[in-house]
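Numbered from 1 within each chain, the chains take letters A, B, ... in sequence-line order. As a basis for the values below, the full set of heavy atoms in this structure was taken, side chains included, without hydrogen atoms, waters or symmetry mates.
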Amino acid sequence: MNNPLIRVEKIVKKYHRGAEELTVLNGLNLNIEDGEFIALMGPSGSGKTTLLNLIAGIDRPTSGHVFVRTDDISSMSESGLAEWRSRHIGFIFQTYNLIPVLTAYENVELPLLLTPLGGAERRKHVEIALYIVGLADRMSHYPSQLSGGQEQRVAIARAIVTDPTLLIADEPTGDLDAKSAEEVLVLLERLNIEFKKTIVMVTHDPKAAARARRLVRLEKGILIEENHMDGHSSSGLTDGINVSGISAKSE
Amino acid sequence: MKFLSLIFKNVFRKKTRTILTIGSIILPLLIICIMGSFLKALDAPDPAETRGMFRIVTRHKVGFTNDLPISYVERIRQLDGALAVTTFDWFGGTYIDNSARNFFARFAVEPETFLQVFDDAKVTRGSIDDWMSDRAGALVGEDLMKKYGWRMGDQIVLVGDIYPVALQLTIRTVYGVSYGGSDGLFFNRKYLEEALPSFEGTVGTIWTKCRDAEAANRLSDEIDRIFENSPYPTITESEKAFQMGFVSMLGNVKLLITSLGIIIVLVIILIAANTMALSARERVREIAVLRTLGFTRRMILVLILGESLTLALIGGFLGLGGFILGLKPFKASLMDTPISGFASAIMLFPEVLLVGLGVTVLVGLLSGLGPAIRASQRPITEGLRHMG
Ligand SMILES: Nc1ncnc2c1ncn2[C@@H]1O[C@H](COP(=O)(O)OP(=O)(O)O)[C@@H](O)[C@H]1O
Ligand SMILES: [Mg+2]
């Protein structure tokens, strides 16, 4: 395929604080190919979250375009964009953002409520997603009954349950202890390698960034490409959960 | 439908707050339903439910001892809103002796119309025909029968004190009332007319059963106006003084009840709206997360309106259910009070239930509208940055 999956073109994002104008992204370009696992680094306040939000279609650029394949998502209507998000984007937040009154199962089911799937089919998808993240036995737990690492894995299950085109993770290990962070990174890596998920991940942690296949740095409103990192990133795979038989999920 | 469980879980997110809010819907709704039932009862009483109500009494303006021409009866009968008219003549007389213990009401009446006007009295033994077929027959209250241990067919002798005559009456019929006392003795005025020809052509008081409160109110003025310039001017009052006051105040009372009802509805809306605003504010981030997942603005709007509607409907159904169950005992408890006449006209009016349901839906929609619009319009990025 010649077209990149995502093409961010001359994106400008300005914020206004009173009379002050703050240019966060300044004509930024980025191509994301199918199946990539990109780590996005940069100082705090450099605009990483802003960029992710634009790619995920939850914010609009001041100028410039975000193309997904050939669709220009910056010109979609509100409801068109919402529909697009539900099909193409899985968002993983630093603070998990699970709905506290819903069980793990119900949290993961949420995005499926927007699809035409019936109850039985939804159940199958939710169970598979929770199985992939290793929490099939925690389905009826509420977020408050889960550890931070488990919560984030439920959030990942929620992000992958609709089998989206692109996974976006904003500092997914930022709130986790080393061990939980490692589990989450292994999981993301597996999703990338085994399930061919395209992932864009913001991180401050060089160790986390090292898991990715490509590293970009955001500085002063534009991106600086770092060297490709190769080879070692699949090491975590063997620690993962045995998923034989369900990998059919990602077609 | 699949969002219903989400709505429900959100409604019961803060259980105490939700229960308090539901409570603050139930209680005012009960009050609204009760007030509505009163209004309805005042407005359009069911004839079957207005026994003993809307009775007015016409007497000579100067005093009790002055009689009225009997022709007045026919004149009043012609008036619109007069359902039945009957007459009362105080006989007095002595039964056994003059002690207070042996004092009870004894009236000469018209058997043909008596029970039409006093429709709260029910014949419990014998029949009206039994009474009418014996010119010297008497209609006696159950309480009085019990007091003296009388039986059907017993003879009662009343010795006249004002009038030089002794009446020999036979108990032919017995009546009872569902509330109040039944301790009167009534006999045919024709019997008295025969014994005392001076009675002919005059009546002591004229009793009119009116169609409704409006008619009672209007007729008590109209009757007096008709006879104002005659040699026998009248004064007409509601049977019970309080009822007259009530009837003449009716317009004000309705206005008062209606305004109170509206105020109560506004208060419920404010309380529920406060709950919804708090609940939506706590969830700014969650709502942004839902929208990130692909929930549209419309869905958020519907979710939050669904929550406020659910909250209101729970309160509404409990309130209306409580009202339906509690109406009978409530009505019964009013029967021994001065407003028994109006209370007896209260029933389960479908209109009141409809208004209750309407109020519930109104509260549900209006209380959620502000928070729903605010939540659905907030940009996702702003919601995600929201702390707490
Ligand atoms: N909605 C907003 N309004 C005003 N300023 C904002 C808004 N969102 C982000 N910013 C500012 O833009 C800059 C980049 O923010 P962000 O993308 O969150 O940075 P990062 O994720 O790299 O830490 C910061 O200075 C932040 O304060
Ligand atoms: Mg950030």
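Neither the backbone nor the side chain of B:Phe12 comes within contact range of chain A; no heavy atoms are under 4.5 Å apart. There is no contact between A:Ser77 and chain B, counting heavy-atom distances below 4.5 Å. Heavy-atom distances place no part of A:Arg87 under 4.5 Å from chain B, backbone and side chain included. Contacts between A:Glu106 and chain B at a heavy-atom distance below 4.5 Å involve the side chain alone, from C-beta outward.
The most heavy-atom pairs under 4.5 Å with chain A, out of B:Arg297, B:Arg385, B:Met299, come from B:Arg297. Chosen from B:Thr296, B:Thr381, B:Asn10, the residue pairing most often with chain A at heavy-atom distances under 4.5 Å is B:Thr381. In terms of heavy-atom pairs under 4.5 angstrom with chain B, the leader among A:Ile89, A:Leu113, A:Thr50, A:Asn53 is A:Leu113.
Residues A:Thr95 and B:Arg285 meet the side-chain proximity criterion, which asks for heavy atoms closer than 4.5 Å. Side-chain atoms of A:Leu110 and B:Phe3, non-hydrogen and from C-beta on, never get closer than 4.5 Å to each other. Looking at heavy atoms from C-beta onward, A:Arg85 lies in side-chain contact with B:Ile380 at the 4.5 angstrom threshold. Side-chain contact check for A:Asn97 versus B:Thr292: every heavy-atom pair is 4.5 Å or farther apart. When side chains are defined from C-beta on, A:Leu112 does not count as touching B:Lys2, because their heavy atoms never get closer than 4.5 Å. Side-chain contact check for A:Ile58 versus B:Arg291: every heavy-atom pair is 4.5 Å or farther apart.
The environment of CD in A:Glu20 is sparse: at most 12 heavy-atom neighbours from other residues, nucleotides or ligands sit within 6.0 Å. With a 6.0 Å radius and a threshold of 12 heavy atoms from other residues, nucleotides or ligands, A:Tyr15 has its OH atom above the threshold. Remark: B:Arg298 CZ is loosely packed, at most 12 non-hydrogen atoms of other residues, nucleotides or ligands lying under 6.0 Å away.
Note: B:Lys9 NZ to A:Thr103 OG1 = 5.0 Å, rounded to the nearest 0.5 Å. Taken from CD in A:Glu109 to OG in B:Ser5, the straight-line distance is 7.5 Å, to the nearest 0.5 Å. Atoms CG and CZ, from B:Leu293 and A:Arg158 in turn, are 5.0 Å apart once rounded to the nearest 0.5 Å.
Of the options A:Tyr96, A:Phe91, A:Phe93, a side chain to side chain contact (heavy atoms under 4.5 Å, CB included) to B:Val289 is made by A:Phe93 and by none of the others.
A pairwise comparison of heavy atoms in B:Arg13 and A:Val101 identifies NH2-CG2, 3.4 Å as the closest pair. Taking every heavy atom of both residues into account, B:Gly294 and A:Ser86 meet most closely at CA-CB, 3.9 Å.
In this structure, B:Arg283 contributes its side chain and A:Ile99 its backbone to no donor-acceptor pair below 3.5 Å.
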